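Before any comments, here is the structure.
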Amino acid sequence: MKKWMLIDGNSITYRAFFAMPPLTNSSGMQTNAIYGFTTMLLKLIEEQKPTHILVAFDAGKTNFRHEQFTEYKAGRQKTPPELSQQFPLLKELIEAFGIAQYEIDGYEADDIIGTLTAKADEQQIETVVISGDKDMLQLASPKVTIAVTRKGVSEVELYSPETIQEKYGLEPKQIIDLKGLMGDTSDNIPGVPGVGEKTALKLLHQFPTVEEVLSNLDAQKGKLKENLTTHQEAAIMSKQLATIFREVPIELTEDQMIYSGYDSAKLAEQLQKLEFKSLLERLDVSAGSSSSEEEAKQALAALTIYNITEQGSEGLAQLVTALKQQQMHGLYVETIGENPHLATFEGIAIALGEEVFVISPAMLKQQELVPVVEWLADEEIKKYGYDLHKVELVLNWHGIQLGGGYFDVQLAAYLLDPTDGNQLLHTIAERNGIYGLPSDDEVYGKGAKLKLPAEPELFQHLAVKASVVQQLVPKLNKQLEDTRMAALYYDLEGPLSRILAQMEKRGIKVERTELEQQGVELEASLKRLTTEIYEQAGMEFKISSPKQLGEVLFEKLGLPAKKKTKTGYSTDAEVLEELAPYHPIVKNILDYRQLAKLQSTYIEGLLKEVREETGHIHTYYRQTIAATGRLSSQFPNLQNIPIRLEEGRKIRKAFIPSEPGWSIVAADYSQIELRVLAHISGDERLKEAFIHNQDIHTKTAMDVFGVSAEEVDSNMRRSAKAVNFGIVYGISDFGLSQNLGITRKEASQFIEQYFNVFRGVRKYMDDIIAEAKKNGYIVTLLDRRRYVPDIHASNFNIRSFAERIAMNTPIQGSAADIIKLAMVKMNAELEQRKLQSRMLLQVHDELVFEVPPHELELMKELVPQVMADAIKLDVPLVADVSYGDSWYEAK
DNA sequence: AAGCTCACG
DNA sequence: ACGTACGTGAGCTTA
C-alpha cells in the first residue's frame, strides 16, 4: 500500500537548530540542525514506513503573501548564519538518502505540501505530513495525518481530524479561522488584538468562521466587540495569510517521490563529511536494505581465502611467488591480549588483491613457510599493516622477526585524528567508507566472554581484516598528504615505532631484592600507621576507602568538610593537608596514603612485572593514545616512577644496568616547554631569557614584580613558577588561584602583569585561539594536528577547556615532537657509531640509557648534544645529563 | 565499570 | 554567573 510522507524542511530544520546542542564538526562548522533533522527522519521512516517521501523547502525571499501584506514575517529574527550554513549540506544529505526534495520560487514549503495533500485527498492516498508548525493542521483529513514535532524534534504528536476535534473542538479547516483571529507572532500575522487562543476558540465555537463571527458582532460585547469591529480587515487578511495555498504548479511526478532506500556509498560520504560517527555506525548496523553497502560486504565476503594450515596447502606456492614480486599487500597479524609482551599470536593474513592467504602460527614454523618468514623479516620490503608496533613485539617474542619500513593504518589514523578513540580497525574502515568488517567484540566477544571462534570463522575474519588494511592504505596515505602530515609519519612516527619496539623488547633490569627489601620496611611502617589510625579513630575501618574515611573524619571526629565529590566528602591530599592541624590522625592518614601507594603500585606492582627468567621489566609505549602526541607507557607505566619525594625516589635504586659495570645515563631537557613557547610565540623577553640561559622562574619573577635578581625571594619565585606552569597549561585565573592558594582576583592581576611584560606570549595565546576557531584545529612544530571543535561551544566551560587545549597542545605537542626526533636521531647515532649503549626509556622530556664503561665519556657528551640539536629553534635547547649505578644515582 | 586518589612530565 | 589548570596509567573500593 502506498504511503506518502511530506516533510516541511524549513520548519523541521529550524526546530532542530534550536533544540539541539551546538554540535560542530572538526572544521568548526555547526551541524546540529542537520543532525537533528536526520535522526528525526530516520525515526519517522522506521515508524511510518512511507513508500514516497518529499522534503519541501521555502524558496525565494518573498512570496505572494508579501504582496498581500508587506509586513508578513517581518520582525522575525534573521536566520542565524550558523543555521543558514547548514542548508546546503542538509540538501546534499537528503539527496544521498535518495529522498526527493522540492522548492519553487514564490511559495513556501507549506504550500507545496498543501498542494500535494490536496492530491492525496483526491486520490485517497494515505499521507503523513511532518512539520513543527501547527498551521499545518488545516490540511488534516481522513487520509492525511499531521505530525507536529514536540520536545525539539525527538517526538511527534499525530493529529487527525478526530484529535483536532477533541483538542480544539474545530474542523481542520477552521484552524485558518483560529489563526485569523489570534494571529501568529512568529510570522507577524496580526490577528485581532486582545484575542488569544482561548477567546478565538470560544468565538469559533459560537460561529464557525471568521466571516460569520464578523457578521454577528452583536453577539459580542465590551472590549472584545470593539476590537473585532475595528480590526475586521486585519482578521480577514490574517485568515488569508494563514491559509495554505493548495494549487501550486508543482512539476514533480509521484514517481520522483518514491523512496527505495539510500545509496550507502553516497550517504557514508556525506555522513563522514559531517562527522556523524554514531549515524555511520547505526546505519551500518541497521543496513540490509541498502544495495551498495551490501555490495561492499559481498566484496569482502567474495575474497578468495587460502587457509595455510598444513603442509601442501593450496595457495602456498602462489603466495610465495606473489611475495617475491613484492606486490602491494595488506598484512594483518592477530594477537590476543592487551600486553604485547604476553599476548598470544593467532594467525597471519596477507591480502594480495582479491586473494588472501591466512597462515596458522604452527604452520609458520614449517620448512615450507621459510620464504614467508623471510619476507616478514626482510628489511628491504615495506610492510602495510595494522598496529605493527605491537605486531613486531608479539612476533619477536614468538621468535619471528618483522622488518621493513612500515605503513601502519592505525598509526596513520591516529595522526589524522589523535582524539578519535582507540583506532580500532573496523572503525577506521567505516570512517573511510569500507563496510562489512565486523568488530572484534562481535566476533570474539569481550571481557570474560572472549573466545576465539574455530579456524574457518577465525580465518575468514583475519582475511577480511587484511583486505581492509590493503584498501585503507592508499586512502590514509592520501589523507596524510592532504593534511601535510606525511613527513611527520614517514620521518618520525614510522621510524619511531621500530625504535620503541626495540626498547620494549630489551626492557630494563630491575633488582628484585632491592624492591623486596623496601617492601618489608614499608610493610612495617604501614602496620604501625594502621594501628595508630585505628586508635585515633576509636574504631577500625578501611583506610583506603574514601567513603569510610570520610565518615570517620567528618562525622565521627567532626572535622570540617571542605570539598565534596560527586559521591560524598572529598578526602584528597589537598583537603587532608588543610585538616592536618585539627587532628593528629590526618597526618597519619597522609603518611599511610603515601606509603600504601608506594607499596601497592610500585613495590608490589613492579615486582609482578619483573620477568622471572631475565630480571627485566618490559613496558609498552603506546604511540596512538595521547591527544598531544606524547607517548604513554603501560604494563607497567614507567613514566610515573616516583621522584619528587625521597621515600618514593628510592624505588629508582632498583632500576639498574643489565650488565655488570655499566652505568645508567639519563638526560633531560631543561624547560623544554617554555623554550618551545619562546620559539613559537617569538616573545622577545622570553627568548632573551633562554638565550642567556637564565633561571626562567627567577627571570619571570623579576619581570613580573619589577625587581632585581637579588630582590627575588623564594615566595616570588614560587609564584612566578606557578604562573609559568599556568601559561603552559593554558592559563586561567581560577587554576592559578587554586595552585597558589590566593584569590582569583589576585591571580587575575598576576596574569595581567605577566602578559603586560611578555606581550608576545599574550599575542600567541590570542592568535592560537583565533587559529583554532578559523581552522578547527591547531598544529605543533612538526605539523601534528589536533582538532578542537569545542572552541565554538556556547557553554563557557566547554569553550574555555577547548581554548586551554588550543593554547597547551602546540606547546606540549611540539615538545613531544622534539624528543621523538631526538630518539630517532639518537638511535641512528648508536647504530652508525656501532655503540653498545642502549636506549631504554623515555619519560616525556628525559631519555634513559644503559652504557658500558668505555662509552660513558662519549655518551655523556653525545646524548645531550643530540637532544639539544634535535631541532633548531630561535632559542637554544639544553639537555642536562647525569649517570650512576642506578636510575636513582643518575640525578 | 565507575569514581576516587595519586604517581609522573 | 559559569567552575578548571595540560597530558597520562594504576590500584583500590564500591556499585
Side-chain angles (χ1 to χ4, degrees), chain A residues 338 418-419 446-448 541-550 563-576 589-590 592-606 608-609 619-622 625-645 647-649 651-652 668-673 677 722-740 744 747 751 786 788 793-813 815-816 819 841-846:
Chain A
E338 281 208 276
T419 57
K446 58 177 170 181
F541 65 101
K542 265 203 164 59
I543 306 171
S544 44
S545 160
K547 186 165 174 263
Q548 295 182 33
L549 178 62
K563 268 198 304 189
K564 276 200 164 172
T565 65
K566 254 188 269 183
T567 49
Y569 306 109
S570 169
T571 66
D572 64 20
E574 193 195 324
V575 170
L576 295 184
I589 289 164
L590 279 165
Y592 178 92
R593 282 253 178 96
Q594 189 203 337
L595 301 188
K597 176 86 176 178
L598 292 177
Q599 184 74 308
S600 69
T601 305
Y602 296 103
I603 300 294
E604 292 166 1
L606 288 178
K608 276 184 219 154
E609 300 288 347
T619 189
Y620 174 52
Y621 290 105
R622 297 192 67 185
I625 288 294
T628 52
R630 278 189 175 182
L631 298 175
S632 85
S633 156
Q634 269 185 323
F635 316 131
N637 182 353
L638 294 186
Q639 290 182 319
N640 70 347
I641 302 301
I643 190 166
R644 291 172 189 169
L645 301 173
E647 296 92 320
R649 190 172 198 156
I651 300 282
R652 295 177 176 231
D668 68 309
Y669 279 113
S670 159
Q671 302 295 348
I672 187 168
E673 293 189 333
L677 174 62
V723 172
N724 279 330
F725 267 93
I727 291 294
V728 168
Y729 291 157
I731 196 97
S732 77
D733 51 12
F734 187 88
L736 184 64
S737 72
Q738 283 275 297
N739 192 288
L740 281 177
R744 236 175 75 179
I751 295 167
R786 179 174 181 182
V788 268
S794 58
N795 178 299
F796 175 86
N797 283 323
I798 296 174
R799 188 177 62 249
S800 301
F801 189 29
E803 288 173 357
R804 292 196 295 273
I805 287 172
M807 293 186 270
N808 168 265
T809 298
I811 301 172
Q812 190 183 122
I819 193 162
L841 302 175
Q842 189 252 43
V843 193
H844 309 307
D845 66 351
E846 174 186 16

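Here is how names work: the chains are called A, B, and so on, in the same order as the sequence lines, proteins then strands, and each is numbered from 1. Here the structure is a predicted model, which is why all the values come from computation and not from measurement.
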A:I641 and A:L606: CA distance, side-chain angles, deciding distance, side-chain contact (heavy atoms from CB on, under 4.5 Å) verdict = CA-CA 10 Å; A:I641 302 301; A:L606 288 178; 4.1 Å; yes

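- Side-chain N/O atoms of A:S545 include none lying less than 4.0 angstrom from OP1 or OP2 on C:dC12.
- One can place CG of A:L598 at 14 Å from P of C:dG11, the figure rounded to the nearest angstrom.
- Taking every heavy atom of both residues into account, A:N797 and A:N795 meet most closely at N-OD1, 2.8 Å.
- As judged by a 4.0 angstrom heavy-atom cut-off over every strand, A:A573 is placed among residues touching the sugar-phosphate backbone only.
- Rounded to whole Å, the distance from CG on A:L595 to P on C:dC12 is 15 Å.
- In DNA chain C, stems built from 3 or more consecutive Watson-Crick or G-U wobble pairs, each with both distances under 3.5 Å, span B:1-9 with C:6-14.
- We find that NZ of A:K547 is positioned 15 Å from C1' of B:dA2, with the value rounded to whole Å.
- The heavy-atom pair separating A:L645 from A:Q594 by the smallest distance is CD1-NE2, 3.8 Å.
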Would you check, one step at a time, whether the test side-chain contact (heavy atoms from CB on, under 4.5 Å) holds for A:L549 with A:R593?
-> CA-CA 12 Å; A:L549 178 62; A:R593 282 253 178 96; 3.4 Å; yes

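- Within a 6.0 Å radius of NZ in A:K564, other residues, nucleotides and ligands contribute 12 heavy atoms or fewer.
- Between the CD atom of A:Q842 and the P atom of B:dG9 there is a distance of 12 Å, rounded to whole Å.
- Heavy atoms of A:R593 sit under 4.0 angstrom from primed sugar atoms or phosphate atoms, though from no base atom.
- Whole-Å rounding puts the A:Y592 OH to B:dT5 P distance at 15 Å.
- In this structure, A:Q548 reaches the sugar-phosphate backbone alone: every heavy-atom distance under 4.0 Å involves primed, P, OP1 or OP2 atoms, never a base.
- A donor-acceptor pair under 3.5 Å is formed between the side chain of A:Y621 and the backbone N or O of A:Q842.
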How would nucleotides 3-10 of chain C be written as a contact map, 5' to 3', with B for base contact, S for sugar-phosphate-only contact and - for no contact, using protein heavy atoms under 4.0 Å?
-> BBBBBSBS

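- Between A:Q599 atom CD and B:dA7 atom P the separation is 14 Å, expressed in whole Å.
- Checking side-chain atoms of A:R799 against main-chain N and O of A:S794 turns up a donor-acceptor pair under 3.5 Å.
- Remark: side-chain polar atoms of A:T619 are not paired, donor with acceptor, to backbone N or O of A:F635 under 3.5 angstrom.
- Between A:L841 atom CG and B:dC8 atom P the separation is 16 Å, expressed in whole Å.
- Here the separation of C:dA5 from B:dA2, taken at their C1' atoms, is 24 Å to the nearest Å.
- Separation of the C1' atoms belonging to C:dC2 and B:dC6 is 28 Å when rounded to the nearest angstrom.
- Shown here is A:E338, whose CD atom has no more than 12 heavy atoms of other residues, nucleotides or ligands within 6.0 Å.
- Panel note: side chain A:T571, backbone A:P546; no donor-acceptor pair is recorded below 3.5 Å.
- Spacing between atom CZ of A:R652 and atom P of B:dC8 amounts to 8 Å, rounded to whole angstrom units.
- For B:dC4, the OP1/OP2 oxygens have no side-chain nitrogen or oxygen of A:S570 closer than 4.0 Å.
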